[in-house]
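What you see below is based on every heavy atom in this structure, not just the backbone, and it leaves out hydrogens, waters and symmetry mates.
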Amino acid sequence: MTVRELDAAGITDPGLRVAYSRSRHLNARYGRTYFLATRLLPPERRPAVHALYGFARRADDIVDDLGDTATTAERSAALRALEERLDAALAGAPVSEPVVRALAHTADAYAIDPSLFRDFLVSMRADLEVTDYATYEDLRAYMHGSAAVIGLQMLPVLGTVVPREEAAPHAAALGVAFQLTNFVRDVGEDLDRGRVYLPADLLAAHGAHRDLLLWSRRTGRRDRRIVSALAAAAALTRDVYREAAPGLAMLDPVARPCIGAAFVLYGEILDAVRRDGWSSVHRRSAVSRRRRAAVAAAGVARVTAARVGAAMRKGAA
């Protein structure tokens, strides 16, 4: 499958093929839902998505790898070095790090605004220093770089049937919705990293707070205030999905099954958290393999229909 994707994308340089293959490996290993959705794209567009994911994963690993004993200062230096290599690659200089090389090639091929990558790294750096957010507005500022720009990076790869600037707010909202979903699902894991992403004002509205979350994580005991806060966070996230939804019809028809599948599966993570009793302080909820397979199968059917439609339009022309 990797060879087919690279050939379809016209990527012939041996070093670049290795770089893209490394990014694909990261997407397949860690992206699960994201990787499944990517497979619904035309093969020639998949390497670019792998490159975007691979770079984001590399930065995230620098910041968040719990198995790494690096100090905050060492992580900051590693992140700064990654940014320097990216800047060099975007300027056309040769770099050896595979995910950076693949990203720079993708950015050039699809004319992706370099500021989107720099904004992403600003938010990654914030994760080394900021451990919580007072308000939802504060969190949204962080998510501009950590999530909204991911949607904006993807948009040139996916293609649109409307001017890109019309689709951009919806793409940004979808990135935010996906990340908010992760925040609702990963409360316990984030606590282990010393962070609380659920805004303090949202927690306080339900009588919850950071110390209560830590107590619940430590003791394994539940608390109705946490349950109420998580339900409210999920409702807020559903609102952001609704902001994003009109953008699906603005995408190139052959890209819609991919993003539609991701839209459905990420939204169902919230359903899984609810079915598990809003216990994400203690466990990580997941959509079943059977359900992921069913959504993927439906996506394949839509891919086939989109390709047939495109061929018919081309023939009529």
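- Between Asn182 and Arg185, the side chains place a donor N or O and an acceptor N or O closer than 3.5 Å (distance only, hydrogens not considered).
- In the hydrophobic cluster analysis, where Ile, Leu, Val, Met, Phe, Trp and Tyr join through side-chain heavy atoms closer than 4.5 angstrom, Trp278 is grouped together with Phe183.
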- prompt: For Leu251 and Leu155, what are the C-alpha separation, side-chain angles and deciding distance, and is it a side-chain contact (heavy atoms from CB on, under 4.5 Å)?
  reply: CA-CA 8 Å; Leu251 298 175; Leu155 205 52; 3.8 Å; yes
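- Applying salt bridge (charged side-chain N to carboxylate O under 4.0 Å, His left out) to Arg195 and the options Asp132, Asp64, Asp190 leaves one that passes, Asp64.
- Between Ile112 and Pro156, the closest heavy-atom pair is CG1-CG, 4.1 Å.
- Contact between Ile11 and His105 at its shortest, heavy atoms only, is CG1-CE1, 4.2 Å.
- Side chain of Thr237 to backbone of Thr181: no donor-acceptor contact under 3.5 angstrom is found.
- The minimum heavy-atom distance linking Ser146 with Gln179 is given by the pair OG-OE1, 2.5 Å.
- Taking every heavy atom of both residues into account, Val227 and Gly277 meet most closely at CG2-O, 4.1 Å.
- In plain terms, the two heavy atoms of Ala261 and Leu40 that are nearest each other are CB-CD1, 3.6 Å.
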field: Pair Leu82-Glu97, side-chain contact (heavy atoms from CB on, under 4.5 Å): steps then yes or no
entry: CA-CA 9 Å; Leu82 180 67; Glu97 184 163 0; 3.8 Å; yes
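- In this structure, Ser123 contributes its side chain and Tyr142 its backbone to a donor-acceptor pair below 3.5 Å.
- Of the listed residues (Tyr241, Phe178, Tyr34), just one forms a ring-ring contact (aromatic ring centres under 6.0 Å, His included) with Tyr266, and that residue is Phe178.
- When the ring pair (Phe, Tyr, Trp, His ring centres under 6.0 Å) test is applied to Tyr136, no partner is found at least two apart in sequence or on another chain.
- With hydrophobic clusters built from ILVMFWY side chains whose heavy atoms lie under 4.5 angstrom apart, Val130 shares a cluster with Leu180.
- Partners of Arg118 according to the side-chain hydrogen bond (donor to acceptor under 3.5 Å, both in side chains) rule, which considers only residues two or more places apart in sequence or in another chain, are Asp87.
- Between the CZ atom of Arg4 and the CZ atom of Arg46 there is a distance of 5.5 Å, given to the nearest 0.5 Å.
- Side-chain atoms of Arg238 come within 3.5 Å of backbone atoms of Gly267 as a donor-acceptor pair (strictly under, hydrogens ignored).
- The main-chain N or O of Pro163 is never found under 3.5 Å from a side-chain atom of Thr160 such that the two would form a donor-acceptor pair.
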Steps toward side-chain hydrogen bond (donor to acceptor under 3.5 Å, both in side chains) verdict (Asp13, Tyr20): CA-CA 11 Å; Asp13 178 88; Tyr20 274 102; over 6 Å; no
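- Under the 4.5 Å side-chain heavy-atom criterion for ILVMFWY residues, no single connected hydrophobic cluster contains both Met250 and Val240.
- Cluster annotation: Leu128 is not connected to Val122 through the hydrophobic network of ILVMFWY side chains, with a link wherever side-chain heavy atoms come within less than 4.5 Å.
- Side chain of Arg222 to main chain of Ser216: no donor-acceptor pair is present (N/O by atom type, distance under 3.5 Å, no hydrogens or angles).
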side-chain hydrogen bond (donor to acceptor under 3.5 Å, both in side chains) evaluation trace for Thr38 with Tyr53: CA-CA 10 Å; Thr38 302; Tyr53 182 91; over 6 Å; no
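- Looking only at distances, no side-chain donor or acceptor of Arg101 sits under 3.5 Å from a matching main-chain atom of Pro94.
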Arg58 and Asp61: CA distance, side-chain angles, deciding distance, salt bridge (charged side-chain N to carboxylate O under 4.0 Å, His left out) verdict: CA-CA 5 Å; Arg58 174 70 182 112; Asp61 281 347; 5.8 Å; no
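- Heavy-atom minimum distance, Pro169 versus Glu166: CD-O, 3.5 Å.
- Asp138 and Thr135 form a side-chain donor-acceptor contact under 3.5 Å, judged by distance and modelled atom types alone.
- When atom types are taken as modelled, the side chain of Glu129 and the backbone of Ala126 share no donor-acceptor pair closer than 3.5 angstrom.
- A distance of 12.0 Å separates CG in Asp211 from CH2 in Trp215, rounded to the nearest 0.5 Å.
- In this structure, Leu41 CG and Arg39 CZ are separated by 12.0 Å, a value rounded to the nearest 0.5 Å.
- How far CG of Leu230 is from CG of Leu203: 8.0 Å, rounded to the nearest 0.5 Å.
- Counted by atom type alone, His206 and Ser228 present one or more donor-acceptor pairs between their side chains at under 3.5 Å.
- The shortest side-chain heavy-atom distance between Ile259 and Leu248 falls under the 4.5 Å cut-off.
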task: May I have the step-by-step check of side-chain contact (heavy atoms from CB on, under 4.5 Å) for Ile62 and Met124, ending in yes or no?
output: CA-CA 9 Å; Ile62 290 173; Met124 291 300 96; over 6 Å; no
query: When you look at Arg283 and Asp276, which way does the salt bridge (charged side-chain N to carboxylate O under 4.0 Å, His left out) test go after all the steps?
result: CA-CA 9 Å; Arg283 59 172 293 184; Asp276 288 341; 3.5 Å; yes
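- No side-chain heavy atom of Phe120 sits less than 4.5 Å from a side-chain heavy atom of Leu152.
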message: Test salt bridge (charged side-chain N to carboxylate O under 4.0 Å, His left out) on Arg45 and Asp252; report intermediate values, then the result.
response: CA-CA 12 Å; Arg45 301 193 200 184; Asp252 184 336; 2.8 Å; yes
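- Looking only at distances, no side-chain donor or acceptor of Arg24 sits under 3.5 Å from a matching main-chain atom of His50.
- Without hydrogens or angle criteria, Arg57 side chain to Tyr30 main chain gives no donor-acceptor distance under 3.5 Å.
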- request: Give the intermediate values and the outcome of side-chain contact (heavy atoms from CB on, under 4.5 Å) for residues Thr33 and Leu36.
  value: CA-CA 5 Å; Thr33 297; Leu36 179 64; 5.7 Å; no
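- Rounded to the nearest 0.5 angstrom, Leu214 CG and Leu191 CG are separated by 5.0 Å.
- In this structure, the side chains of Leu265 and Ile269 stay at 4.5 Å or more apart for every pair of heavy atoms.
- Rounding to the nearest 0.5 Å places OG1 of Thr131 at 14.5 Å from CZ of Arg193.
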query: Hey, mind stepping through Arg17 and Asp7 against salt bridge (charged side-chain N to carboxylate O under 4.0 Å, His left out) and telling me if it holds?
result: CA-CA 9 Å; Arg17 289 171 76 92; Asp7 289 346; 3.0 Å; yes
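- Residues Leu90 and Phe55 share a single hydrophobic cluster, defined by chaining ILVMFWY side chains whose heavy atoms lie under 4.5 Å apart.
- Judged by distance alone, the side chain of Ser288 and the main-chain N or O of Arg291 form a donor-acceptor pair under 3.5 Å.
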